[in-house]
Q: 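Below are the structure tokens for one structure; questions will follow.
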Amino acid sequence: MDLRYEAYCFADRQFYDLQSATESTPGDDFSIELPTLPPGWAMVERNVWRHQHPEGVQLPNQGWKIHVSAGLDNAGRVLKATYDYCVERRISFKYLRTVSIVLARNSKYAPRDGSGKLVTIYPTSAEHLETICTELAQVLDGEHGAYVLSDLRFGNGPLYVRYGGFAEQWLEVDGQQVLAIEGPDGALVADKRKPVFSLPEWIELPAFLKPHLAERNAGDPEKFPYQIKSSLHFSNGGGVYLATRKSDGKEVVLKEARPHAGLDREGRDAVARLELEHQILTRLHGVEGVPEVYDRFTEWEHLFVAMEFMPGRSLGQWLGHNYPLTHKDTDDELLENYRVRAEALIAKVEDLVRRVHERGVVFGDLHTMNILVDEDDEVSLIDFELSSAIEDVHRPTLGAPGFQAPQDREGFDIDAYPLAALKLWIFLPLNAVLELAPAKLRQHVHVVAERFGLSEDYQRQILDVLAPRVDPPADPAFTAFDDDSPDWTVVRKEIATAILHSATPQRSDRLFPGDIEQFETGGTGFGHGAAGVLHALAESGEGRYPEHEDWLVRTVRNDPPKQPGFFVGAHGIAHVLENFGHYDIATELVEGYAPLVRTTQDHGLSAGLSGIGLNLLHFASSRADHGFAVQAEELGERLAKQLEQAPPPGGKAKAGLLHGWSGPALFFLRMFEHTGQRRWLDLSEQALERDLAETMVALDGSLQVRDGTFRSLPYVGIGGAGIALVLTEFAKVAPDRPCAAKLPELLSGCTGEFVIQPAFTLGRAGLMATLAHATRHQPDEHLERAVGRHLKALGWHAVRYGGGLAFPGVQLRRLSMDLNTGGAGVLLAIASAVDGRPPLPFLGRTQAPVLADR
């Protein structure tokens with residue numbers, strides 16, 4: 001799970017957003033308590049930070065920086081003292097704007113590399129660094145804060161230092177833009193921001209910091225009473241490890257808690273919660289299915305608790321291996337066998353929770369990752385840090401989406417709610433959608449009752465507990481997707497209505513809310529920004545919107561994209577603007593980013609050379625300009641060399657349309673069509689074979705992309721569908737080539753009835769568009785029926801918003817409107833499936849190749 005999403009859930013209940021983009025609550029902004037800056041200072045707000053810079057002070061592009069940490073209880077005091085110190089001495093610094101942002105960045109599931117940082121100070125030299133550290137340590141003596149894991153601690157207070165970038169410089173690494181610093185030869189290298197202190201190899205640690213590094217490394221691992229065997233889990237609050245007790249060799253689970261880190265919404269830190277877990281486990285001693293607690297101790301300022309290792313895998317993993325609706329084929333016997341087994345499993349969970357309640361404990365955090373299932377389907381509970389005694393119930397402020405009891409539940413009813421949620425989840429694991437749209441509860445129960453034959457009593461057990469007791473939803477449970485014969489014109493119009501209603505033309509960072517990536521790559525791009533949304537609206541027949549096109553043009557000029565790639569940068573925006581007739585700025589983008597293209601090494605369609613090359617061929621065709629074709633051919637030659645030197649497949653999957661070799665395969669195929677040179681067709685086949693080398697036979701017998709040892713992916717962005725989209729195009733031209741024979745196996749991986757996300761690049765919409773695209777080339781009744789099932793099942797995710805229908809994005813926590821992860825992608829996929837429109841640019845062409853070699 002990508003932990004970054006948690007931090008983007010604090011600002012808005014409907015969309016992923018930066019907290020800096022929303023209004024602060026009264027008294028939340030630190031500036032209320034800070035003095036006004038004197039003359040000669042400049043203040044700039046950027047995302048969550050407020051930068052303060054003295055005019056006339058020249059900072060280097062990189063160097064040693066100081067981070068000041070604090071807890072929620074002393075953040076205002078620490079900031080005020082640091083602010084006064086820096087302003088008096090005209091030292092450049094920045095600080096987090098609000099108390100809420102401090103809480104979000106120190107919460108349990110916030111990224112660990114940014115935890116603890118309240119203020120960042122920018123010394124102008126190593127000597128200046130020493131002066132500030134020495135003086136400010138005295139000013140902040142006695143203050144506390146979370147340990148900044150990426151830094152070296154100065155003394156025992158809240159000051160930390162690391163070497164890194166001051167100016168924002170970017171470097172492409174594995175298709176992603178990362179912050180960079182200059183190496184000794186002036187070339188950019190990644191500014192490593194991992195949760196461990198490290199130095200660039202050419203930088204020497206200043207002499208005054210060496211005692212602090214020695215102090216950091218002074219602990220004797222031999223004295224630690226446990227031998228760590230492996231890490232099981234990390235969060236901002238600490239780690240969970242599999243360990244062996246040195247005294248007797250007993251295998252245990254060792255939980256670690258960091259002080260002032262891993263905060264919940266009440267400000268309790270990981271230490272407070274682990275102390276509570278130790279108390280609760282002591283109270284539950286002897287309950288079968290609950291881990292026995294062995295030890296509690298403090299080391300390196302962290303609290304550790306050792307407890308019994310419980311066998312099995314999480315209920316979430318169990319479902320991933322056994323859930324029948326993800327398979328390419330299901331029958332009544334398979335569904336009935338699963339129903340019987342699932343109901344028996346839930347009954348065991350209910351019995352275990354009952355035994356916990358008999359000891360007077362409210363578990364408080366019942367969800368699929370805290371329930372373990374062993375090989376005999378016996379269950380156990382883990383992670384009691386949010387539990388409480390019935391005589392003093394503490395309502396959890398953390399919780400898994402779709403399982404956290406609402407505020408109107410008290411006592412043991414706090415556990416009754418997630419138990420009922422489990423009864424629904426085990427047959428349709430989309431509970432997170434219900435947090436966005438409680439009205440969908442009846443639709444989801446109806447779906448699983450029909451598909452699995454659930455009894456009326458079982459359905460009532462779900463509905464009676466999960467139905468909201470306060471403010472029942474006014475929206476109807478069912479949507480146009482649920483009609484016997486949906487009017488797809490109406491459906492498309494409703495999706496477009498929601499997209500347009502979400503527009504925020506008053507904002508400069510994004511026009512349409514989407515995935516959190518838009519805050520990294522920008523809100524104008526094709527994959528996550530306005531360009532892709534406007535393309536989908538126009539391509540699906542839902543119209544052009546000049547005012548939004550003007551926003552796109554204006555914003556691109558004011559805040560140009562960081563990179564040239566198609567889905568994440570300039571070429572995707574240029575493609576859309578070219579098609580809309582904004583020729584001047586389209587030309588500016590293509591020509592202006594040519595220097596960056598020359599240094600781009602990524603081969604993918606998303607950020608790399610293949611997407612850029614395809615767009616150059618598009619410009620060559622639309623403008624009848626041979627110069628663009630020459631540039632495309634140059635990129636083709638570079639990609640051919642990269643393909644020849646491509647390393648063998650690794651453990652982390654990349655195969656698929658956006659990041660694998662399927663993107664170059666499509667580009668090579670279009671080069672063949674453009675030139676008639678068979679060499680390009682051969683290269684296309686080689687690139688497809690390279691992606692096919694990353695596939696495996698999945699649990700249901702279909703062909704999918706291998707991701708690690710056991711997991712397989714069917715999706716468009718990374719997965720079998722992405723390969724199948726290009727292989728469909730390839731088979732039109734060269735149906736007898738061996739790789740074309742793999743197409744049916746890949747397509748079978750796109751037919752599963754259940755898909756966790758509705759998205760185009762990593763969900764149902766893309767699988768549906770892939771099947772529809774293939775059946776236009778080669779009709780197939782089985783695949784066409786799968787397309788129909790996908791169309792209807794998109795309604796499982798459809799949420800009423802703004803008079804229309806919207807869709808949740810990645811992790812289903814918030815709605816998204818972008819092309820890769822949200823409503824625009826669903827709209828485009830429906831237009832492709834129903835109306836036969838191209839699913840994406842560069843797909844669906846029928847141009848005949850020139851057969852003679854040139």
Q: Do C9 and R814 have side chains that approach each other closer than 4.5 Å (heavy atoms only, starting at C-beta)?
A: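 A side-chain contact under 4.5 Å exists here.
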
Q: Taking the inter-plane angle between the rings of H357 and F412 on a 0 to 90° scale, is it parallel (under 30°), tilted (30 to 60°) or perpendicular (over 60°)?
A: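 If you compare the ring of H357 with that of F412, the planes turn out parallel.
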
Q: Measure from the ring center of Y801 to the ring center of F807 and say whether it is less than 6.0 Å.
A: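 For Y801 and F807, the ring centres are not under 6.0 Å apart.
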
Q: Could you give the distance from CZ (R268) to CG (L276), rounded to the nearest 0.5 Å?
A: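 Between atom CZ of R268 and atom CG of L276 there are 6.0 Å.
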
Q: For the pair L315 and L422, evaluate side chain to side chain contact (heavy atoms under 4.5 Å, CB included) and give the outcome as yes or no after the intermediate values.
A: CA-CA 10 Å; L315 183 58; L422 278 172; 3.8 Å; yes

Q: Is it the case that atom CG in D457 sees more than 12 heavy atoms from other parts of the structure closer than 6.0 Å?
A: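 Atom CG in D457 is packed in, count exceeds 12.
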
Q: Keeping the roles fixed (side chain from K440, backbone from A798), state whether a donor-acceptor pair exists under 3.5 Å.
A: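 Yes; judged by distance alone, with no hydrogens or angles, the pair exists.
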
Q: Side chains of R813 and E6, heavy atoms from C-beta outward: is any pair under 4.5 Å?
A: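 SC-SC contact between R813 and E6 confirmed.
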
Q: Below 4.0 angstrom, N of the basic side chain to O of the carboxylate: do K423 and E350 qualify?
A: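 Yes.
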
Q: May I have the step-by-step check of side chain to side chain contact (heavy atoms under 4.5 Å, CB included) for I382 and M307, ending in yes or no?
A: CA-CA 10 Å; I382 59 171; M307 61 189 69; over 6 Å; no

Q: Just checking R13: does its CZ atom have more than 12 heavy atoms from other residues, nucleotides or ligands closer to it than 6.0 angstrom?
A: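 No - once you tally the heavy atoms of other residues, nucleotides and ligands closer than 6.0 Å, there are 12 at most.
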
Q: Just say parallel, tilted or perpendicular for the rings of H144 and H260, cut-offs at 30° and 60°.
A: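 H144 and H260: parallel rings.
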
Q: Between L334 and H327, is there a side-chain heavy-atom distance shorter than 4.5 Å?
A: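 Side-chain contact under 4.5 Å: yes.
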
Q: Could you tell me whether a side-chain N or O of S69 sits under 3.5 Å from a main-chain N or O of A146, the two making a donor and an acceptor?
A: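 Yes.
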
Q: Name the residue from R258, E256, R273, R296 that meets the side-chain contact (heavy atoms from CB on, under 4.5 Å) definition with L303.
A: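 Checked R258, E256, R273, R296 against L303; only one passes side-chain contact (heavy atoms from CB on, under 4.5 Å): R296.
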
Q: Can you tell me how the ring of F297 sits relative to the ring of F304, calling it parallel under 30°, perpendicular over 60° and tilted otherwise?
A: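 The rings of F297 and F304 lie parallel, inter-plane angle below 30°.
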
Q: Let me see the working for K792 and E450 under salt bridge (Lys or Arg N to Asp or Glu O under 4.0 Å), right down to the final yes or no.
A: CA-CA 14 Å; K792 292 278 287 183; E450 279 200 335; over 6 Å; no

Q: Do any N or O atoms from the side chain of R764 and from the backbone of E753 form a donor-acceptor pair under 3.5 angstrom?
A: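 Yes, the answer is positive, given that a donor and an acceptor are paired below the 3.5 Å cut-off.
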
Q: If you take all heavy atoms of A257 and L274, which pair is closest and at what distance?
A: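 That closest heavy-atom pairing would be CB-CD2, 3.6 Å.
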
Q: Mind checking the NE2-CG spacing from H790 to L794? Nearest 0.5 Å is all I need.
A: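 The NE2 atom of H790 sits 8.5 Å away from the CG atom of L794.
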
Q: Evaluate Y147 against H302 for ring-ring contact (aromatic ring centres under 6.0 Å, His included), listing each step before the verdict.
A: CA-CA 10 Å; Y147 200 106; H302 295 186; 7.2 Å; no

Q: At their closest point, which heavy atom of A498 faces which heavy atom of L805, and how far apart are they?
A: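 Heavy atoms of A498 and L805 come nearest at CB-O, 3.3 Å.
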
Q: Q19 side chain to A11 main-chain N or O, any donor-acceptor pair under 3.5 Å?
A: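 Not a single qualifying donor-acceptor pair exists.
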
Q: So, using side-chain hydrogen bond (donor to acceptor under 3.5 Å, both in side chains) as the criterion, who are the partners of K255 when residues are at least two apart?
A: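 Here the qualifying residues are E277, D383.
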
Q: Has the side chain of D707 got a donor or acceptor atom that lies under 3.5 Å from a matching backbone atom of R711?
A: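 No.
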
Q: Do the side chains of L812 and P758 get nearer than 4.5 Å, heavy atoms only?
A: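 Yes, their side chains come closer than 4.5 Å.
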
Q: For A400 versus E435, what's the shortest heavy-atom pair and its separation?
A: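 Looks like O-OE2, 4.4 Å.
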
Q: Please assess D392 against H394 for the test side chain to side chain contact (heavy atoms under 4.5 Å, CB included), listing each intermediate value before the final yes or no.
A: CA-CA 6 Å; D392 184 25; H394 185 275; over 6 Å; no

Q: Hey, what do you get for CG (L18) to CZ (F10), rounding to the nearest 0.5 Å?
A: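 Output value for this atom pair is 13.5 Å.
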
Q: Answer yes or no: are there more than 12 heavy-atom neighbours, outside D464 itself, under 6.0 Å from its atom CG?
A: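 Counting other residues, nucleotides and ligands, CG of D464 exceeds 12 neighbours.
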
Q: Between T504 and R510, does a side chain to side chain donor-acceptor pair (under 3.5 Å) hold up when you go through it step by step?
A: CA-CA 7 Å; T504 54; R510 61 118 161 112; 3.0 Å; yes

Q: Quick one: does any side-chain atom of Q518 pair with a main-chain N or O of G514 as donor and acceptor, under 3.5 Å?
A: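 Yes, Q518 side chain to G514 backbone: donor-acceptor pair under 3.5 Å.
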
Q: Nearest 0.5 angstrom please: N106 CG to K117 NZ, how far?
A: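 So the gap between those two atoms works out to 11.0 Å.
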
Q: So with a 6.0 Å cut-off around CZ of R442, is the heavy-atom count from everything else above 12?
A: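 Check fails, neighbour count at 12 or below.
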
Q: Any non-hydrogen side-chain atom of L72 less than 4.5 Å from a side-chain atom of D269?
A: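 The answer is no, as the side chains (C-beta and beyond) never meet within the 4.5 Å cut-off.
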
Q: So, for A806 and M817, which heavy atoms are closest and what is the spacing to 0.1 Å?
A: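 Scanning both residues completely, I find the closest heavy atoms to be CB-CE, 3.7 Å.
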
Q: Might you work through the side chain to side chain contact (heavy atoms under 4.5 Å, CB included) test for L430 and I756, ending with a clear yes or no?
A: CA-CA 7 Å; L430 294 177; I756 189 68; 4.0 Å; yes

Q: So which atom in A421 and which in F403 form the shortest heavy-atom distance, rounded to 0.1 Å?
A: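 Closest heavy-atom pair between A421 and F403: CB-CD2, 3.7 Å.
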
Q: Could you point out which residue of V290, D415, L366, V362 forms a side-chain contact (heavy atoms from CB on, under 4.5 Å) with V356?
A: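 The passing option is V290.
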
Q: After noting the C-alpha distance and the side-chain angles of E520 and R4, does the key distance pass the salt bridge (Lys or Arg N to Asp or Glu O under 4.0 Å) rule?
A: CA-CA 12 Å; E520 293 293 330; R4 296 177 300 159; 5.5 Å; no

Q: Does some side-chain heavy atom of R112 sit less than 4.5 Å from a side-chain heavy atom of N236?
A: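 Answer yes - side chains close enough.
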
Q: Quick one: sort the F224 and W300 rings into parallel, tilted or perpendicular, breaks at 30° and 60°.
A: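 It falls in the parallel class, under 30°.
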
Q: Does L454 offer a backbone N or O that forms a donor-acceptor pair with the side chain of Q459 under 3.5 Å?
A: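 Yes, Q459 side chain to L454 backbone: donor-acceptor pair under 3.5 Å.
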
Q: Any chance you could measure E410, atom CD, to D413, atom CG, to the nearest 0.5 Å?
A: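 One gets 8.5 Å once the value is rounded to the nearest 0.5 Å.
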
Q: Given the side-chain rings of Y226 and Y294, with only the six-membered ring counted for Trp, is the space between their centroids under 6.0 Å?
A: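 Centroid distance Y226-Y294: not below 6.0 Å, so no.
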
Q: So, for A75 and F30, which heavy atoms are closest and what is the spacing to 0.1 Å?
A: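 Closest approach of A75 to F30, heavy atoms only: CB-CZ, 4.0 Å.
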
Q: Are E358 and R354 close enough, and set up right, to give a salt bridge (Lys or Arg N to Asp or Glu O under 4.0 Å), and what steps lead you there?
A: CA-CA 6 Å; E358 288 175 350; R354 177 187 57 77; 2.5 Å; yes

Q: Tell me whether E33 at atom CD has more than 12 heavy atoms from other residues, nucleotides or ligands lying less than 6.0 Å away.
A: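 No, the 6.0 Å shell around CD holds no more than 12 heavy atoms from other groups.
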
Q: In this structure, which one of Y16, Y8, F15, Y5 forms a ring pair (Phe, Tyr, Trp, His ring centres under 6.0 Å) with F519?
A: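 So the option named by the test is Y8.
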
Q: So, T98 side chain and D28 main chain: donor-acceptor pair closer than 3.5 Å or not?
A: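 Answer holds: no.
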
Q: Say whether, by atom type as modelled, one donor and one acceptor occur between the side chain of N74 and the main chain of V78 under 3.5 angstrom.
A: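 No.
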
Q: L381 versus I371: any side-chain heavy-atom pair under 4.5 Å?
A: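 In short, these two side chains touch, coming nearer than 4.5 Å.
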
Q: What I'd like to find out is whether the side chain of K229 reaches to under 4.5 Å of the side chain of T244, using heavy atoms alone.
A: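 Counting from C-beta outward, K229 and T244 do come under 4.5 Å.
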
Q: For K348 and D377, indicate whether the former's side chain and the latter's backbone hold a donor-acceptor pair under 3.5 Å.
A: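 Yes, K348 side chain to D377 backbone: donor-acceptor pair under 3.5 Å.
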
